Amino acid sequence: MGKRILVWFRNDLRLHDNEMLTEAIAKSDEILPVYFFDPRHFEKTAFYTNKTGLLRTKFLIESVTSLRDSFNKLNGNILVLMGQPEELLPELALKYDITEVYHHREVASEETLLSSKVEDLLWKQKLNLKHFIGHTLYNKEDLPFPVKDIPDVFTQFKKKTERDAVVKPCFLTPQNIDFVDVADWGIIPHVEDLLPQADFSLLTKGNDLKGGEQEGLTHLYNYLHTSENLELTAAMAKKVDVISMLSPWLSLGCLSPREVYWKIKEAERIHGSKPFYSQIVLGLLWRDYYRFMFKKYGNAFFRTGGFGKEEVITPVQVNDSVALQNWKEGKTDQPLVNEYMQELKNTGFISNQGRQLVATYLIHELNVLWILGAWYFEEVLVDYCPASNWGNWASIAGVGNDAKLNGNFDFEKQLKNLVPKRTFSLLADS
Ligand SMILES: Cc1cc2nc3c(=O)[nH]c(=O)nc-3n(C[C@H](O)[C@H](O)[C@H](O)COP(=O)(O)OP(=O)(O)OC[C@H]3O[C@@H](n4cnc5c(N)ncnc54)[C@H](O)[C@@H]3O)c2cc1C
């Protein structure tokens, strides 16, 4: 029998620019792509929230379905299973005579703990778990500094990285794949199977974001080439809350950040440089920065005191106060905060400026413990990813690692800046 590589898909639900997949195809006779719906991702947390809310669950299901469709077009499939990877992967390896397992390395503790467990268990079967890096715009080995020396101050990280590092070209989308023969590829669950207690009326409240690689690529193309933002000058762009809404696809890896970057370069050749193109690239740098900070500091982002103190959060410290509840429901004394919070609940998405405003309000005006806001965002955001969420929350709470950001978040100032922008954006939408 030839070499068979099991390709464990996690937050990398795409065929394009996927080094793990490209290498698995090149180095094996057959591959077995696998995705696990892990029941732990759909449980309640100790912090009065669900680990994954309805809208992200829907987006995830659509993304896995889209990946299956792509493999179907290549006369193959992806094995979809419900269960814990550390239990199922060793069994699958035995059942299908797997010679190696590939996956993309994550940075947050739950995810890295899981892959360490899987690695140990596979090792007992004399199998290697090979790690790939495919979530960032810049590969860590291409940065002008080792991870331990990455500057904590974002502006320094940005300056040195842009000056000294290059964005690699994308890996090509595979056109031919030989798949392991599997009798039953498994059923993709419905949202009702994963979240039976959810409020399904949310599904009709105007979130028309659809998960999947093809949807992501189409959204990217339309945004870069046909968006009304093409008309925006730098001066006008300052007055509008410009959003690309690429983050849900980036978070699940339906889009690779390098693909977004190179498609922007292509669009610039056609339309010239545009302020909204630069904004996306700046966003991708922030995204890399928080991921690298997670790599550098590990679990520090999840501590109440952030980088300053060593304590670990426990549910005992937490109270589900009225203020917190009103904030979640969009029933505070601040109309703009309420507008954003209701939009967040109904669509799973608000702009970066909206997120900063509501987070600043919760922490600095309502004096609620910041981690409770971060847990709520983790539940409801369609684009949730640990490093971006916890990193941004820690910065706003003033416990992050970039001392220059600490103390930068003043509610009244943000409000003054946002009110005209928000009106502008709403007018532009209508
Ligand atoms: C409190 C708080 C929580 C957040 N939680 C998340 C989260 O869970 N997941 C998430 O993807 N982003 C998070 N962000 C960052 C940011 O708000 C979103 O990425 C952005 O609003 C997505 O909109 P966009 O795609 O239109 O962004 P654009 O402005 O078009 O930027 C392009 C891409 O860059 C990345 N990006 C932009 N800004 C940031 C930033 N400040 N930090 C990290 N990445 C950024 C996103 O992937 C985004 O899609 C959070 C920000 C705050 C203030």
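The shown structure was predicted, so the numbers you read here are calculated from the model rather than taken from an experiment. Sequential numbering from 1 along the given sequence is applied to the chain's residues. Counting convention: from 1, in listed order, for ligands and their atoms alike. The basis for the numbers below is simple: all heavy atoms, side chains too, and nothing from hydrogens, waters or symmetry mates.
In terms of protein heavy-atom proximity, atom 17 (O) of ligand 1 is closest to N352 OD1, 2.8 Å. When only non-hydrogen protein atoms are considered, atom 2 (C) of ligand 1 lies nearest to N392 CB, 3.5 Å. Scanning the protein heavy atoms around atom 6 (C) of ligand 1, the nearest turns out to be R355 NH1, 3.4 Å. At the top of the distance list for atom 9 (N) of ligand 1, counting protein heavy atoms only, stands D383 O, 2.9 Å. Atom 23 (O) of ligand 1 has F349 CZ, 3.4 Å as its closest protein atom, hydrogens excluded (heavy atom only). Counting only heavy atoms of the protein, atom 22 (C) of ligand 1 lies nearest to S247 OG, 3.2 Å. At the shortest separation from atom 28 (P) of ligand 1 among protein heavy atoms lies S244 OG, 3.7 Å.
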*Start with the C-alpha distance between F292 and Y138, add both sets of side-chain angles, then the distance that settles ring-ring contact (aromatic ring centres under 6.0 Å, His included), and finish with yes or no.*
CA-CA 10 Å; F292 289 132; Y138 292 94; 8.3 Å; no
*Stepwise side chain to side chain contact (heavy atoms under 4.5 Å, CB included) test for K263 and Y221*: CA-CA 8 Å; K263 286 284 187 278; Y221 180 88; over 6 Å; no
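Of all the atoms in ligand 1, the ones that sit under 4.0 Å from a non-hydrogen atom of Q279 are 29 (O). Taking every non-hydrogen atom of I280 and a distance limit under 4.0 Å, the qualifying atoms of ligand 1 come out as 30 (O), 32 (C). The distance from ligand 1 to the heavy atoms of L250 drops below 4.0 Å at these ligand atoms: 47 (O), 49 (O). Near Y384, meaning under 4.0 Å from one of its heavy atoms, ligand 1 places the atoms 8 (O). Annotation for ligand 1: atoms under 4.0 Å from non-hydrogen atoms of Q356 are 53 (C). Near I243, the atoms of ligand 1 lying under 4.0 angstrom from a non-hydrogen atom of the residue are 26 (O). Close approach to S251 involves these atoms of ligand 1, each under 4.0 Å from a residue heavy atom: 11 (O). Near R287, the atoms of ligand 1 lying under 4.0 angstrom from a non-hydrogen atom of the residue are 43 (C), 44 (N), 47 (O).
Only backbone heavy atoms of M245 (N, CA, C or O) come within less than 4.0 Å of ligand 1; its side chain stays farther off. Here L381 has side-chain heavy atoms under 4.0 Å from ligand 1, and that is the only part of it that gets that close. No part of Y289 comes within 4.0 Å of ligand 1, judged by heavy-atom distances. Contact annotation: for N389 versus ligand 1, heavy atoms closer than 4.0 Å belong to both the backbone and the side chain.
Heavy-atom contacts from other residues, nucleotides or ligands closer than 6.0 Å to NE2 of H131 number more than 12. Heavy-atom contacts from other residues, nucleotides or ligands closer than 6.0 Å to CG of D333 number 12 or fewer. For I187, the CD1 atom is loosely surrounded, since the number of other residues' heavy atoms within 6.0 Å does not exceed 12.
The N/O atoms of L246, backbone and side chain alike, include one that comes under 3.5 Å of an N/O atom in ligand 1. Ligand 1 has an N or O atom lying under 3.5 Å from an N or O atom of C385, backbone or side chain. Looking at ligand 1, you won't find any N or O of Y290 less than 3.5 Å from one of its N or O atoms.
F349 carries R355 over the face of its six-membered ring, with the cationic atom under 6.0 Å from the centre and within 45° of the normal.
Taking all heavy atoms of G373, S388, G354 into account, the minimum distance to atom 10 (C) of ligand 1 is reached by S388. Evaluated by nearest non-hydrogen atom to atom 40 (C) of ligand 1, the leading choice among W286, Y223, W393, W249 is W286. Among A394, G283, S351, the residue whose heavy atom sits closest to atom 37 (C) of ligand 1 is G283.
Checked against a 6.0 Å centroid threshold, the rings of F377 and Y384 do not count as neighbours. Here F276 and Y223 bring their ring centres to under 6.0 angstrom of each other. A centroid separation of less than 6.0 Å is found between the aromatic rings of F411 and Y361.
The CD atom of Q156 sits 9.5 Å away from atom OH of Y289, with the distance rounded to the nearest 0.5 Å.
Electrostatic pairing of E43 and R40 does not count as a salt bridge here, judged by no charged N lying under 4.0 Å from a carboxylate O. For R258 and E19, the salt-bridge test fails: no basic side-chain N is under 4.0 Å from an acidic carboxylate O.
Contact annotation: the side chain of D383 never approaches that of F59 to less than 4.5 Å [non-hydrogen atoms, C-beta and beyond]. Side chains of L15 and E213 form a contact here, defined as non-hydrogen atoms less than 4.5 Å apart.
In terms of modelled atom types and a separation under 3.5 Å, the side chain of E106 and the main chain of T112 share no donor-acceptor contact.
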